[in-house]
Each structure stands twice: as structure tokens, then as C-alpha cells.
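Comments concern the structure below.
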Amino acid sequence: MAGFTLKVKDLIVGKSKVALDKVAVGHIYVNPGVTHCGMVSKITKSQGKPDKIEIQHSSSRQKKVAKNDYATYFGGKGTFYK
């Protein structure tokens, strides 16, 4: 998509929200301000604990395409879409 701007709000048009317990690899993560997004790249299941959800996204803060934990890096806030 070189040369094209894609806004987060345009990316999620027509997509369905996904409940946290139904999130799967490949689903789209969108932050609460609808200004940043990423893709679920890994889910780690742990018995008796919430699933660990890894989000791959372009991070200007980290200056790279990064993989970060939904609960810690993103504060467990945001919406998932498919």
C-alpha cells in the first residue's frame, strides 16, 4: 500500500467486534482512541489464568514493528475485530 494512507477507522468499517474470550490469531486490535491498530500474532493459554494475547504492530515509541502483550503494554484496553 505504498503511497496510500489508511486510517484505523476505515480499516474496521464492516468488521465485527470480537469478545475478549473469542479473540484469535489474525484478529485486529484497535486502541480505545481508534488511532492505533495491530494484529493478534500469538495467544498463549494458561490454565487458571487469562489468555496472554500478543499484538504485532508498528510502534513509533519502539521504532520498529514490535510484538507486545495486550494486558501489559496496551493496559488490557481496546477492541478486537474480525
Side-chain angles (χ1 to χ4, degrees):
M1 295 197 46
F4 293 93
T5 300
L6 180 64
K7 297 189 180 281
V8 177
K9 66 179 184 169
D10 296 330
L11 176 68
I12 59 175
V13 167
K15 303 280 190 268
S16 301
K17 289 183 180 180
V18 178
L20 190 57
D21 64 337
K22 303 291 184 200
V23 170
V25 170
H27 285 170
I28 300 166
Y29 163 77
V30 177
N31 73 341
V34 192
T35 57
H36 187 70
C37 64
M39 185 169 284
V40 177
S41 56
K42 182 179 179 183
I43 297 178
T44 305
K45 304 244 182 219
S46 297
Q47 190 170 357
K49 295 182 181 180
D51 293 348
K52 183 173 177 162
I53 303 171
E54 180 183 83
I55 309 293
Q56 184 170 346
H57 62 112
S58 180
S59 174
S60 56
R61 185 182 338 165
Q62 298 172 80
K63 299 180 178 22
K64 65 180 182 176
V65 174
K67 292 181 179 179
N68 295 108
D69 180 61
Y70 167 71
T72 56
Y73 189 83
F74 295 103
K77 298 186 186 316
T79 306
F80 293 91
Y81 295 85
K82 65 175 181 175

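Note that the structure is a prediction, hence the values are computed from the model and not measured.
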Legend entry - Common cluster, V30/L6, ILVMFWY with side-chain heavy-atom separation under 4.5 Å: yes
Legend entry - Same cluster (ILVMFWY, side-chain, under 4.5 Å), V18 and V40: yes
Legend entry - I28 with V25, same ILVMFWY side-chain cluster at under 4.5 Å: no
Legend entry - Approximate separation, where rounding is to 0.5 Å, of K42 NZ and K67 NZ: 8.0 Å
Legend entry - Separation between CE of M39 and OG of S58, rounded to the nearest 0.5 Å: 13.5 Å
Legend entry - Ring centres under 6.0 angstrom apart (F80, Y70): yes
Inset, instruction - Report the distance from atom CD1 of I53 to atom NE2 of H27, rounding to the nearest 0.5 Å. - result: 10.5 Å
Legend entry - For the student: nearest non-hydrogen atoms of H36 and V8, plus distance: N-CG2, 3.7 Å
Inset, instruction - Classify the ring geometry between F74 and Y29 as parallel (under 30°), tilted (30 to 60°) or perpendicular (over 60°). - result: tilted
Inset, instruction - Using atom types as modelled and distance alone, determine if a side-chain donor or acceptor of N31 lies under 3.5 Å from a backbone N or O of G78. - result: no
Inset, instruction - Calculate, to the nearest 0.5 Å, the distance between atoms CD1 and CG belonging to I55 and D69 respectively. - result: 8.5 Å
Inset, instruction - Give the C-alpha distance, both sets of side-chain angles, the deciding distance and a yes or no for side-chain contact (heavy atoms from CB on, under 4.5 Å) between I43 and K52. - result: CA-CA 6 Å; I43 297 178; K52 183 173 177 162; over 6 Å; no
Inset, instruction - Measure the CG-CZ distance between N68 and R61 for me, rounded to the nearest 0.5 Å. - result: 8.0 Å
Legend entry - Distance (rounded to the nearest 0.5 Å) between D51 CG and K45 NZ: 4.0 Å
Legend entry - Pair Q62-Y73, side-chain donor/acceptor within less than 3.5 Å: yes
